[in-house]
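Here the structure is laid out as structure tokens; the discussion comes afterwards.
Excluded from the calculations below are hydrogen atoms, water molecules and symmetry mates; all remaining heavy atoms, backbone and side chain alike, are included. First listed ligand is number 1; within each ligand, the first listed atom is number 1.
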Amino acid sequence: MPSFNIAPIDASFGAVVTGIRLATVDDERWRELHQAWLEHALLIFPGQHLSRDEQISFARRFGPLEFDMAAISNVKSDGTLRIEADNDDVVKILKGNMGWHADSTYMSVQAKGAVFSAEVVPAAGGQTGFADMRAAYDALDDGLRTKVETLAAHHSLHYSQAKLGHQPEAGSAYSGYGFHAGPVPLRPLVKTHPETGRKSLLIGRHAHNIPGLDPDESERLLDELVDFACQAPRVYHHSWSAGDVVIWDNRCLLHRATPWDMTQPRVMWHSRIAGDPVAEASLN
Ligand code: OGA
Ligand code: MN
């Protein structure tokens, strides 16, 4: 029995964890949390109010970080807001996040997961959605399951952002991340989780151009899979309160932001846990 409270949410995945203070988790407690994370794929910790250093230290327990702490925010450094009409590189990235995706599948090593927290939340909207790609794989009909087993897709941020009309401005530090000129990673549509052995669909907005299919057919199949996968009971949208922390398993979930009125501030903090250099490597 874990020493904290763990209440599964009403979905195929996810649990709310209370009775634990993440800032002071000891090794024994962390091992229990890690087990719970592998099982539920998404853990939600209300009201933690972690400091920057506490969030980074907690995230590091899950492995080396791809990056320590990035602001996912429409507040500029001078305190003014980026609104939708600005449509600058940052707004375009924030809007891009509103499509279902897994993080860093466009890098040669996709992310393992993320510790993500809310500092400032808008009065309405701005939930984060999560979708269980293990349950989605399990729910495929036999024909489609057999078909996807043999397929792979390219993953690129150039591709997914260009679909929204976004060509990043040269030299923009924020939107520079992920817009690399290296090989476009090729990833199987079915990923086996390196720690649980469970299979899941690896899809989302960065995926395109399945070798062996023509581009239209590829897009149709990928759209069909996302539409099917991201439905009840496989989805959960978290309505944030300031101070909430979640950790998601990027090896078996998709996630997305949802719209909010950008005349209101939304400040989230993302610590991205690096994937295993072998298990999360692309095929190419
Ligand atoms: C991310 C992301 C969603 C959100 O930070 O990678 O997709 O709700 N964020 O802001
Ligand atoms: Mn993301």
Determine whether the side chains of Asn284 and His154 contain a donor N or O and an acceptor N or O closer than 3.5 Å.
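Judged by distance alone, the side chains do not pair up.
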
Say whether Tyr236 and Val17 are linked into one hydrophobic cluster, either directly or through other cluster members, by side-chain heavy-atom distances under 4.5 angstrom.
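In one cluster with Tyr236: Val17, no.
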
Among protein heavy atoms, which sits nearest to atom 8 (O) of ligand 1, and what does the distance come to when rounded to 0.1 Å?
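The closest heavy atom on the protein side is Thr128 OG1, 2.6 Å.
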
To the nearest 0.1 Å, how far is atom 9 (N) of ligand 1 from its closest protein heavy atom, and which atom is that?
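Going atom by atom, the protein heavy atom closest to atom 9 (N) of ligand 1 ends up being Phe116 CZ, 3.7 Å.
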
Results of side-chain contact (heavy atoms from CB on, under 4.5 Å) for Val190 - residues two or more places apart only:
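Partners of Val190 by the side-chain contact (heavy atoms from CB on, under 4.5 Å) criterion, ordered by chain and then number, come out as Tyr137, Val148, Glu149, Lys199.
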
Mind listing the side-chain donor-acceptor pairs of residues 112-126 below 3.5 Å, one per line with the distance, residues two or more places apart or on another chain?
from   : atom 1 : to     : atom 2 : distance (Å)
Lys112 : NZ     : Phe62  : O      : 2.9
Ser117 : OG     : Gln55  : OE1    : 2.7
Glu119 : OE1    : Trp269 : NE1    : 2.6

Find all atoms of ligand 1 within a distance of less than 4.0 Å from any non-hydrogen atom belonging to [X], and give their numbers and elements.
{"X": "His270", "value": "1 (C), 5 (O), 6 (O)"}
{"X": "Arg272", "value": "6 (O)"}
{"X": "Ile72", "value": "5 (O), 10 (O)"}
{"X": "Asp103", "value": "6 (O)"}

When only distance counts, is [X] in polar contact with ligand 1, meaning an N/O pair under 3.5 Å?
{"X": "Arg266", "value": "yes"}
{"X": "Gln127", "value": "no"}
{"X": "Trp248", "value": "no"}
{"X": "Trp240", "value": "no"}

Counting the benzene-type ring for Trp, do [X] and [Y] have ring centres under 6.0 Å apart?
{"X": "Trp100", "Y": "His255", "answer": "no"}
{"X": "Phe67", "Y": "Tyr177", "answer": "yes"}
{"X": "Phe130", "Y": "His238", "answer": "no"}

What's the verdict on salt bridge (charged side-chain N to carboxylate O under 4.0 Å, His left out) for Asp138 and Arg145, showing C-alpha distance, side-chain angles and the deciding distance?
CA-CA 8 Å; Asp138 292 345; Arg145 190 179 315 106; 5.9 Å; no

So, with waters excluded, how many protein N/O/S atoms does the Mn ion (ligand 2) have closer than 2.8 Å?
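For the Mn ion (ligand 2), the figure is 3.
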
What residue pairs, at least two apart or across chains, pass side-chain hydrogen bond (donor to acceptor under 3.5 Å, both in side chains) with a residue in residues 213-231?
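The answer is Lys163-Glu219.
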
Residues, nucleotides or ligands: over 12 heavy atoms within 6.0 Å of Asp26 CG:
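Yes, the 6.0 Å shell around CG holds more than 12 heavy atoms from other groups.
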
